[in-house]
Amino acid sequence: MPSPQRRAGKTVLTVVGARPQFVKAAPVSRALRRRMREVLVHTGQHYDHEMSASFFEQLDIPAPDRDLGIGSGSHGAMTGRMMEALEAVMVETRPDLVMVYGDTNSTLAGALAAAKLHIPVAHVEAGLRSFDMRMPEEVNRRLTDHVSSLLLCPTTAAVKNLRREGITRGVVNAGDVMMDAVLENLARARRSAKPEVVLPPRGFFVATLHRQENVDDDRRLRDILETLAGLPLPVLMPLHPRTRKRAEALGLSPHGSLRFLRPAPYLEMLLLTSDARAVLTDSGGLQKEAFILGTPCVTMRGSTEWVETVRAGANRLVGASPAKIRAAVRALPSRMPTSAARRLYGGGRAAAKIASVIERWLARGRK
Ligand code: UD1
């Protein structure tokens, strides 16, 4: 059951919109609501049941107070429409603080709308960098960090990135809220998750793909899917709607080892990630979830924000090169101990820490 709201005191307005933000906000919302009032706003960036409502259900997230229903569009149109609608909600509800998560267009829209109304912004997952400004996510997170008053970093690497950009005030290494979510939900996933396809543990790979750089480039998309189809174990691929649309437009259908699935709900994805021989992905969050669960990862990108997963030998960056993907799969390490991830990502206490940092910060007054 969602936690009851504390009625008196300060109000925090939380902006979510895309799948990974539902996962991150779930533990933080719960911790915040024990201490203050939360107004939860869903921008509507992700709207399919499988991309949105199923996460609210499985993670016991309270129904949003507002659903802006903005949906998809070009980056500028989507961000602009979100800003306009969020501004109106902020003017009406007068929050003491606006919380944003990660690096999506919803993050940037929430941060900019708040900053222009002089409402302080707290950014969860501050300080992450890929150093690749062609990624929309990199633009979103850099700009968000530079208008935030509280920068809630998941790792020491993130704190260092901010220091290099001259941001030291309001910076806290809070640990990683996705670690909290994994620890809270893994036992439940083992008890009740029902993946669309069940295969013996370690007898399959799980793959996901949704980054603009991979999916909107016909050649890269074709190369990656062909390579996955030729891998030596079945490849279960829950398909993001963006990827499904592009694959269908190019006439690319699953064959060989490759099986397309519907987008997986959170608990099912946790179970698949935990049981797979390896994860192949271009998602940020999944690289880290694989590391937390001890499953080796092959990342189909040229850079990663989660540098500690690569340093620990748990993750290999291969871009979209078929030869590199195949080589990384041939040289997969065995399962990793999960203790390193617990140490690096705050051991599952990030949400409580974030809520108490925010409570103290608001009690002291702004600045
Ligand atoms: C967004 C985030 C990305 C995050 C990802 C998680 C930005 C710039 N990117 O990428 O950082 O990792 O979410 O999934 O904010 N669509 C549907 N149904 C849905 C949602 C999307 O059909 O429920 C379609 C949209 O119409 C669009 C495409 O998928 O054509 C992409 O959606 P969009 O929200 O633009 O970006 P994502 O690729 O999901």
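Indexing begins at 1, ligand by ligand and atom by atom, following the structure's order. All of these numbers come straight from a predicted model, not from anything done at the bench.
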What is the closest protein heavy atom to atom 17 (C) of ligand 1, and at what distance does it sit? Tyr47 OH, 3.2 Å

List every atom of ligand 1 that sits less than 4.0 Å from any heavy atom of His210, numbering the atoms from 1 in the order shown and giving each element. 4 (C), 5 (C), 6 (C), 12 (O), 38 (O)

Quick check on the hydrophobic clustering: are Val357 and Met36 connected, directly or via other members, by side-chain heavy-atom contacts under 4.5 Å? yes

Which is it for Met51 and ligand 1 at heavy atoms under 4.0 Å: side chain, backbone, both or neither? side chain

Around atom CZ of Arg262, are there more than 12 heavy atoms from other residues, nucleotides or ligands closer than 6.0 Å? no

Please indicate whether Arg342 has more than 12 foreign heavy atoms, meaning atoms of other residues, nucleotides or ligands, lying under 6.0 Å from its CZ. no

Counting heavy atoms only, name the option from Arg19, Glu137, His240, Arg141 that's nearest to atom 32 (O) of ligand 1. His240

His240 vs His210 aromatic rings, parallel, tilted or perpendicular, using cut-offs 30° and 60°? parallel

I would like to know whether Thr295 and Thr273 meet side-chain hydrogen bond (donor to acceptor under 3.5 Å, both in side chains); could you show each step before the answer? CA-CA 7 Å; Thr295 305; Thr273 305; over 6 Å; no

Whether Lys288 and Glu305 form a salt bridge (side-chain N of Lys/Arg under 4.0 Å from carboxylate O of Asp/Glu) is what I want to check. no

Pick, from Asp103, Thr104, Thr107, the option with the minimum heavy-atom distance to atom 2 (C) of ligand 1. Thr104

Same cluster or not: are Phe260 and Val279 linked, directly or through other Ile, Leu, Val, Met, Phe, Trp or Tyr residues, by side-chain heavy atoms under 4.5 angstrom apart? no

Answer side chain, backbone, both or neither: which part of His46 comes under 4.0 Å from ligand 1, heavy atoms only. both

Would you check whether Ser72 has a nitrogen or oxygen atom less than 3.5 angstrom from a nitrogen or oxygen atom of ligand 1? yes

Side chain or backbone of Glu50 under 4.0 Å from ligand 1, or both, or neither, by non-hydrogen atoms? neither

Atom indices of ligand 1, in the order listed, that fall short of 4.0 Å to a heavy atom of His75: 8 (C)

How does Lys245 reach ligand 1, if at all, at less than 4.0 Å between non-hydrogen atoms: by side chain, backbone, both, or neither? side chain

Give me the residue, atom name and distance of the protein heavy atom closest to atom 35 (O) of ligand 1. Met78 CE, 3.5 Å

May I ask you to identify the nearest protein heavy atom to atom 18 (N) of ligand 1, giving residue, atom name and distance to one decimal place in Å? Asp48 OD2, 2.9 Å

When the ring centroid of His42 is compared with that of Phe22, is the distance short of 6.0 Å? yes

Look at Asp217 together with Arg219 and state whether they make a salt bridge at an N to O cut-off of under 4.0 Å. no

What protein heavy atom lies closest to atom 38 (O) of ligand 1? Include the residue and the distance to one decimal. Arg242 NE, 2.8 Å

When distances are taken from atom 8 (C) of ligand 1, the protein heavy atom at minimum range is Asn105 OD1, 3.4 Å

Need the ligand 1 atom indices (1-based, order shown) with element for anything under 4.0 Å from a heavy-atom of Gln45. 1 (C), 7 (C), 15 (O), 20 (C), 33 (P), 34 (O)

Can you tell whether the side chains of Glu359 and Lys10 come within less than 4.0 Å, N to carboxylate O? no

Is Pro20 touching ligand 1 with its side chain, its backbone, both, or neither, if touching means heavy atoms under 4.0 Å apart? side chain

